[in-house]
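In this text the structure is predicted, and so the values were computed from the model without any measurement.
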Amino acid sequence: MKYNTIVIGGGLAGLTAGATLSKFGKKVLLLEQHHKPGGCATTFKRGEFIIEVGLHEMSGIVENGTIPQIFEMLDVDQKVDLLKVPEFYAVYSDRGKFVFPHGYDAVTKALINKYPEDAKGIKRFLKVLKGIRKEGTNQPRSSLVKKLIYPLMPLLYPNLVEASRHTVGSWLDKYITNENAKIDLVAHLAYWGDDPYTLSMFYYGMPFSGFIENGGHFVKGGSQRLSDHLAAYIEKHGGTVLFGKKAEKIVTENGRVTGVTFRDYFNKDLDPVTVSCDNAVANCAIPVVPAMLDEPFASSLKEKISDKINSCSLLCMYLGFNKDVEEFGVQHYSNVIEGEDVRSLKDVKPNHQGDWKKRRFIFVDYGKVDAQLAPPNKSEGVICTVDYVQDWEKLNDEDYKAKKEEVAQILLERLEKQFPGIQDSIQYYEVSTSKTIQRYTSNPSGSVYGYAQIKGQIGDMRFRNNFLIPNLYFASAWAFPGGGFEGSITGGFLAALQMNKDKIWSVVDDEKIIDQRIVPLVERKAINEKTVELSFEKPADALSPKGKYACLNLMKPKVTELDLPYRWLPIVSSPEEDNIRFHIELDGSSFSKSCELIGSGEMATIYGP
């Protein structure tokens, strides 16, 4: 059994790399530890709501841009709808409200109207932002060409050079005089970092300019739709995608990768499996890769990353409302509630580490677009703010839950203060911390953006492709060009292009791994008016007798509206039985309706126990 490429991790960079290689005719195996693809580009179900995990608004959907071209190549534009949000963001503070619109002309007018004394600096700011994207996307890819034109860089790429020499803070301090203007310009800082005085002006300017040029976009139905499409694309083009499988070892011989060993993530009793490959893509966080490598590569990689600084993480509070929150004065999609103690740009980082009663946060109202996350006449939102794993990791379970609830109540009180009456409309809330992100994505310290985008860790100073072993490639938020949806998708695509150029391939046959967890329905019967029993053929990889729960994922659900095709369910059969049985409550959800309609022989995947 051999594949051309094994992709370790099913985040957006790994999915994009795998889909692109599949497009090129390569036989791809993608391994993802979760029972669904996407990493931070996923959704989950709570009651009536589809909860969006990570996406607030995506940058890079610009005319002739890289992302639209990638989406067209991989048929994303045919299967996934992107919704343009009304404006970039609105800032609420004791100084009043400021709305940051889309479009360079509109932004120029809005900023100068509010800060006329900084008209010159504002125009320069927007000129540099526009230049960063134009010059950044038009650089030569060849390292030799880059070296040859290096002396001419200030002439050929003036905005890029200027931005690369500055942090956001140093640039704003040099050209903008009004501290309130600076604060408004970094109101959305949590989307890429926590400190304007360490965040690279170049990195900040790339997505920011994309947002201004053609707006932010949301995936209709949630980012899981994008991830699911890319996974399906790999399989449609001859590849294999295995969920619930965690890579343990990157096998090397004579200085090259020859295979990957993986194990079932949910059923620890199963033996590990090794599959051969021509090359591999590490979509996982770079800091976890040394543990998968033999010497001398493990020590070499540890040394290379020893001085790298991880990015901050995020705390998200997911909210389901029983009505449209516009009734409470929520007029905008992305609403920044400024910290009370932020009076200058230098206050931003301390505020992110300070009192939750004063910490700045962003409230996103998904109801401002046709997000399709909530039932009719209801809506969904999220509170998002900077977070750090060290504030949570030493707490025991009881104290962790108590602190999450304490933070939740503080944030709800502050949301109520800004939008009176909104708290009574909350039907559901739940808090995700940096510790949650670390658990589900295996990103050390829950660092959603990988290595921090500081001056020494951006652009060509970021890890690119195969810097360690000739046929081991890196594509993730931790590698080039960086985090976020735009950065991760671009990084996966560039890694695939490099692999295709390097041509480290052999001829492989069409034989693929058979997922033994995919089994047919044997029988469906009604237990009573409110319960149906589904009996499936027991997976060939027998479930552990210790397991009490398993994840039932319907392969082709007949009803999908406002739901996901899986549930974690108690196993009602005994280990001695030939089949595995589940009882499904008929609660009116699309999942339960699909279970009522499923027929004998139809397939499902059973993860676990």
Checklist entry - Using the benzene-type ring in the case of Trp, are the ring centres of F44 and Y318 under 6.0 Å apart? => result yes
Checklist entry - Thinking salt bridges, do K404 and D399 make one under a 4.0 Å N-O criterion? => result no
Next on the checklist: Is the terminal nitrogen or CZ of K130 (NZ for Lys, CZ for Arg) located under 6.0 angstrom from the six-membered ring centre of Y104 and within 45° of that ring's axis?
Outcome noted: yes
Checklist entry - Taking the six-membered ring for Trp, are the ring centroids of Y400 and W392 within less than 6.0 Å of each other? => result yes
Checklist entry - Taking the six-membered ring for Trp, are F218 and Y366 parallel (under 30°), tilted (30 to 60°) or perpendicular (over 60°)? => result tilted
Next on the checklist: What I want to find out is whether R95 reaches D184 closely enough, with some N-O distance under 4.0 Å, to be called a salt bridge.
Outcome noted: yes
Checklist entry - Can you say whether the rings of Y204 and H188 are parallel (under 30°), tilted (30 to 60°) or perpendicular (over 60°)? => result tilted
Checklist entry - If you measure only the distance, is there a donor-acceptor pair under 3.5 Å linking the side chains of D118 and N178? => result no
Checklist entry - Does Y440 have its ring centroid less than 6.0 Å away from the ring centroid of H34? => result yes
Checklist entry - Can you find a pair of side-chain heavy atoms, one from H102 and one from E213, that are under 4.5 Å apart? => result no
Checklist outcome for this item: All heavy atoms of Y89 vs all of A187, minimum pair found to be CE1-CB, 3.7 Å
Next on the checklist: Do F361 and V386 make a side-chain contact, defined as non-hydrogen atoms from C-beta onward lying under 4.5 Å apart?
Outcome noted: no
Next on the checklist: Are F88 and F100, when compared by the centres of their aromatic rings, separated by less than 6.0 Å?
Outcome noted: yes
Checklist entry - Of the non-hydrogen atoms in V448 and C40, which two are nearest, and what is the gap between them? => result CG1-SG, 4.3 Å
Next on the checklist: Checking E48 against K378 for the salt bridge (Lys or Arg N to Asp or Glu O under 4.0 Å) test, could you report, in this order, the C-alpha distance in whole Å, the side-chain angles of both residues, the deciding distance, and whether it holds?
Outcome noted: CA-CA 9 Å; E48 298 180 285; K378 296 189 178 184; 2.5 Å; yes
Checklist entry - When the ring planes of F125 and F208 are compared, do they come out parallel, tilted or perpendicular, using 30° and 60° as the limits? => result perpendicular
Next on the checklist: What I want to find out is whether E486 reaches R133 closely enough, with some N-O distance under 4.0 Å, to be called a salt bridge.
Outcome noted: yes
Next on the checklist: Determine whether E179 and K182 satisfy the following criterion, salt bridge (Lys or Arg N to Asp or Glu O under 4.0 Å), listing intermediate values before the conclusion.
Outcome noted: CA-CA 5 Å; E179 288 296 328; K182 299 177 194 177; 2.8 Å; yes
Next on the checklist: Looking at D173 and K346, is there a salt bridge between them, counting it only when a charged N and a carboxylate O are closer than 4.0 Å?
Outcome noted: yes
Item to check | Between W478 and N443: side-chain donor-acceptor atoms closer than 3.5 Å | outcome: yes
Next on the checklist: Could you tell me if R464 sits above the aromatic ring of F480, with its cationic atom closer than 6.0 Å to the ring centre and no more than 45 degrees from the axis?
Outcome noted: yes
Item to check | Residues D365, K368: salt bridge by 4.0 Å N-O rule | outcome: yes
Checklist outcome for this item: For P290 and K302, the nearest pair of non-hydrogen atoms, with its separation, is CB-CG, 3.7 Å
Checklist entry - Looking at F463, does the NZ or CZ of K308 lie under 6.0 angstrom from its six-membered ring centre and within 45 degrees of the ring axis? => result yes
Item to check | Side-chain heavy atoms of I362 within contact of I337, under 4.5 Å | outcome: no
Checklist entry - In Å, rounded to the nearest 0.5 Å, how long is the span from CZ of F419 to CD of Q331? => result 8.5 Å
Item to check | Carboxylate-amine/guanidinium contact E340 K358, below 4.0 Å | outcome: no
Next on the checklist: When you measure from the side chain of S313 to the backbone of G446, do you find a donor-acceptor pair of N or O atoms at a distance under 3.5 Å?
Outcome noted: yes
